Amino acid sequence: MNTLVFSTIDLPPGLERRSTNIAIVEAGEGNLGMCSQICDANGTSVDYYIFMQNLSGRTNGWHMKNTTRLSDTTRLSGHGVYYMFGSAEGYVFILYSPEFSNEPQYDEFVCFSLEINTSNIERVSSHEYSFSTPYFGFPPSMSPRRM
């Protein structure tokens with residue numbers, strides 16, 4: 001009960017050359033999940049994998065569940081960059097950062113939540129400054145009491 005066991009799991013083949021950012025998530029039913037941010041000529045997308053293990057304890061490896069193309073689903077105009085910056089309770093959080101220009105204009109940073117099981121994307125917040133990111137979840141000592 002009071003022990004920690006560490007192990008290593010290889011990434012899917014070729015992912016280390018294609019991915020710019022990886023988040024490990026809880027996939028439910030004791031499975032491990034992984035979201036991988038991919039930037040290519042078609043834009044930015046998030047690939048979602050589940051690490052499957054059979055009943056005998058032997059691993060079957062990573063299986064891709066779905067791909068979510070961010071540029072199609074966030075509906076943001078202009079040019080910018082997406083950063084996957086955290087995960088909590090079945091969601092991955094993505095920050096959109098606009099490209100800056102020398103012309104004075106309002107640049108808005110937008111935070112999205114991506115629900116890993118359904119691929120639903122929701123706008124969580126937006127702000128004018130790049131050095132602030134939303135905080136999600138509270139430690140148990142600060143969470144409201146539940147019955």
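Quick caveat, the model's predicted, so the values are computed rather than measured.
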Original post:
Between Tyr48 and Cys35, which heavy-atom pair has the shortest distance, and what is it?
Top reply: CD1-SG, 3.8 Å
**OP:** Check whether the side chains of Asp47 and Thr67 place a donor and an acceptor atom closer than 3.5 Å, and report yes or no.
**Re:** yes
Original post:
In Å and rounded to the nearest 0.5 Å, what is the CG to OG distance from Asn120 to Ser113?
Top reply: 9.0 Å
**OP:** Under the side-chain contact (heavy atoms from CB on, under 4.5 Å) rule, what do Leu32 and Ile24 come out as? Steps first, then yes or no, please.
**Re:** CA-CA 7 Å; Leu32 188 64; Ile24 302 299; 3.4 Å; yes
Subject >> Rounded distance [0.5 Å steps], CG in Leu95 versus SG in Cys111 >> reply: 6.0 Å
**OP:** I would like to know whether Val124 and Val110 meet side-chain contact (heavy atoms from CB on, under 4.5 Å); could you show each step before the answer?
**Re:** CA-CA 8 Å; Val124 176; Val110 183; over 6 Å; no
**OP:** State the OG-CZ distance between Ser119 and Arg69, to the nearest 0.5 angstrom.
**Re:** 12.5 Å
Original post:
Between Thr68 and Ile121, is a side-chain contact (heavy atoms from CB on, under 4.5 Å) present by the stated rule, with each step listed?
Top reply: CA-CA 9 Å; Thr68 304; Ile121 291 185; 3.7 Å; yes
Original post:
What is the distance from atom OG of Ser36 to atom CD1 of Ile22, rounded to the nearest 0.5 Å?
Top reply: 5.0 Å
Original post:
If you take all heavy atoms of Ser97 and Tyr83, which pair is closest and at what distance?
Top reply: CB-CE1, 3.6 Å
Subject >> Given Ile9, Ile50, Leu11, the one that forms side chain to side chain contact (heavy atoms under 4.5 Å, CB included) with Met34 >> reply: Leu11
Subject >> Gap between atom OG1 of Thr118 and atom CG of Asn66 - 0.5 Å precision >> reply: 8.5 Å
Subject >> For the student: nearest non-hydrogen atoms of Cys39 and Gln37, plus distance >> reply: SG-NE2, 4.0 Å
**OP:** Flag the pair Tyr96 / Leu70 as yes when at least one side-chain heavy-atom distance between them is below 4.5 Å, and no otherwise.
**Re:** no
**OP:** Hey, can you tell me if Phe112 and Tyr82 have their rings parallel, tilted or perpendicular (30° and 60° cut-offs)?
**Re:** tilted
Original post:
Which atom pair, heavy atoms only, marks the closest approach of Gly33 to Ala27?
Top reply: N-CB, 3.8 Å
Original post:
Looking at Ala88 and Phe93, what are the two nearest heavy atoms and their distance?
Top reply: N-CE1, 3.8 Å
Original post:
Between CD of Glu122 and OH of Tyr91, what distance do you get to the nearest 0.5 Å?
Top reply: 6.5 Å
**OP:** Return yes if some donor-acceptor pair links the side-chain N/O of Trp62 with the main-chain N/O of Pro13 below 3.5 Å, else return no.
**Re:** no
Subject >> Closest approach of Met84 to Val46 (non-hydrogen atoms, all atoms of both residues) >> reply: SD-CG1, 4.4 Å
**OP:** Kindly check if the number of other-residue, nucleotide or ligand heavy atoms within 6.0 Å of CG (Asp10) is above 12?
**Re:** no
